[in-house]
Amino acid sequence: TGFVGGEYGTVFLDTAIVRMTYVGPPVIFRFDVISDKIGCIIPRSITKHKSSIYFIGQDDLYRYDGSSITGLGAYKYVKDLFDNLTTTQTERCSAVIDTKHRQYLLSYPRKPSNIPNTILAVNYDTAQASQIELTAAFGLFQFVADSLSGSGQSSIYTQVGFFDPI
């Protein structure tokens, strides 16, 4: 599903996570299974901030800090995400970290649209989550860039509607 490099490699599979550590010749790399129950379902949901990696698993948004995997309690939003996302639409997802607001943001297309029109926003400190419905077609990165720079902030908030359908 995905890979994140750094001091060590983290390999994400659908139902497992493996840590890849350089050990030198003759073996070169050692592979240690971190989890054989939790994996990453949406490859483009993987994003790294400092020493933590965030990703969408089978039932929640998870954080892997190099030693443990923690669910952030966004399971009702992740369930709604999977209820409204087809397998082919996962390629249309994009994830970023908004460091100013301490949030993980995942943009995705909600059925029947094929254009990313919803953002799952989860505060990675408090685990508070919400969904943002985009009422105009613009990308997640433009939304994040405007909100971080402060330019166009008032126009951004008039173009999105916040909702909690669950």
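For the numbers below, each heavy atom of this structure counts, side chains included, while hydrogens, waters and symmetry mates do not.
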Nearest non-hydrogen partners of [X] and [Y], listed with the distance:
| X | Y | result |
| --- | --- | --- |
| Thr1 | Ile42 | CG2-C, 4.4 Å |
| Ile38 | Ile69 | CD1-CG2, 4.1 Å |
| Pro109 | Gln89 | CG-CB, 3.7 Å |
| Arg63 | Ser52 | CD-OG, 3.4 Å |
| His49 | Thr99 | CE1-CG2, 3.2 Å |
| Val78 | Leu61 | CG2-N, 3.7 Å |

Would you mind reporting whether [Y] and [X] have side-chain heavy atoms less than 4.5 Å apart?
| X | Y | result |
| --- | --- | --- |
| Leu85 | Thr90 | yes |
| Val4 | Ile46 | yes |
| Tyr75 | Tyr77 | no |
| Tyr124 | Ile97 | yes |
| Thr47 | Tyr104 | yes |

Exercise for the section: Could you walk me through whether Asn117 and Glu133 pass the side chain to side chain contact (heavy atoms under 4.5 Å, CB included) test, one step at a time? Expected result: CA-CA 6 Å; Asn117 58 4; Glu133 180 180 349; 6.0 Å; no
Interatomic distance, [X] atom [atom1] to [Y] atom [atom2] [nearest 0.5 angstrom]:
| X | Y | atom1 | atom2 | value |
| --- | --- | --- | --- | --- |
| Met20 | Ile28 | CE | CD1 | 11.0 Å |
| Asp125 | His101 | CG | NE2 | 13.0 Å |
| Ile132 | Ser107 | CD1 | OG | 10.5 Å |

Practice task
Can you run down the side-chain hydrogen bond (donor to acceptor under 3.5 Å, both in side chains) pairs that involve residues 26-40, sequence neighbours left out, and say none if there aren't any?
Solution key: Arg30-Asp32
Practice task
Evaluate the criterion side chain to side chain contact (heavy atoms under 4.5 Å, CB included) for residue pair Ile56 and Leu81; output intermediate values, then yes/no.
Solution key: CA-CA 10 Å; Ile56 298 289; Leu81 164 75; 4.1 Å; yes
Practice task
List the steps and the verdict of side chain to side chain donor-acceptor pair (under 3.5 Å) for Gln131 and Tyr108.
Solution key: CA-CA 11 Å; Gln131 287 175 316; Tyr108 63 96; 2.9 Å; yes
Handout entry: Carboxylate-amine/guanidinium contact Lys76 Asp80, below 4.0 Å
Key = no
Exercise for the section: Would you confirm whether the ring centroid of Phe12 sits within less than 6.0 angstrom of the ring centroid of Phe55? Expected result: yes
Practice task
Answer yes or no on whether Arg19 is positioned over the face of Tyr8, meaning its NZ or CZ is under 6.0 Å from the six-membered ring centre and within 45° of the axis.
Solution key: yes
Exercise for the section: Evaluate the criterion side chain to side chain contact (heavy atoms under 4.5 Å, CB included) for residue pair Ile41 and Phe82; output intermediate values, then yes/no. Expected result: CA-CA 10 Å; Ile41 299 297; Phe82 287 125; 3.6 Å; yes
Exercise for the section: Would you please test Asp98 and Arg102 for salt bridge (Lys or Arg N to Asp or Glu O under 4.0 Å) and show each step? Expected result: CA-CA 6 Å; Asp98 175 354; Arg102 308 185 64 75; over 6 Å; no
Handout entry: Criterion side chain to side chain contact (heavy atoms under 4.5 Å, CB included) on Ser94 and Leu106, from CA distance to verdict
Key = CA-CA 6 Å; Ser94 298; Leu106 176 74; 5.9 Å; no
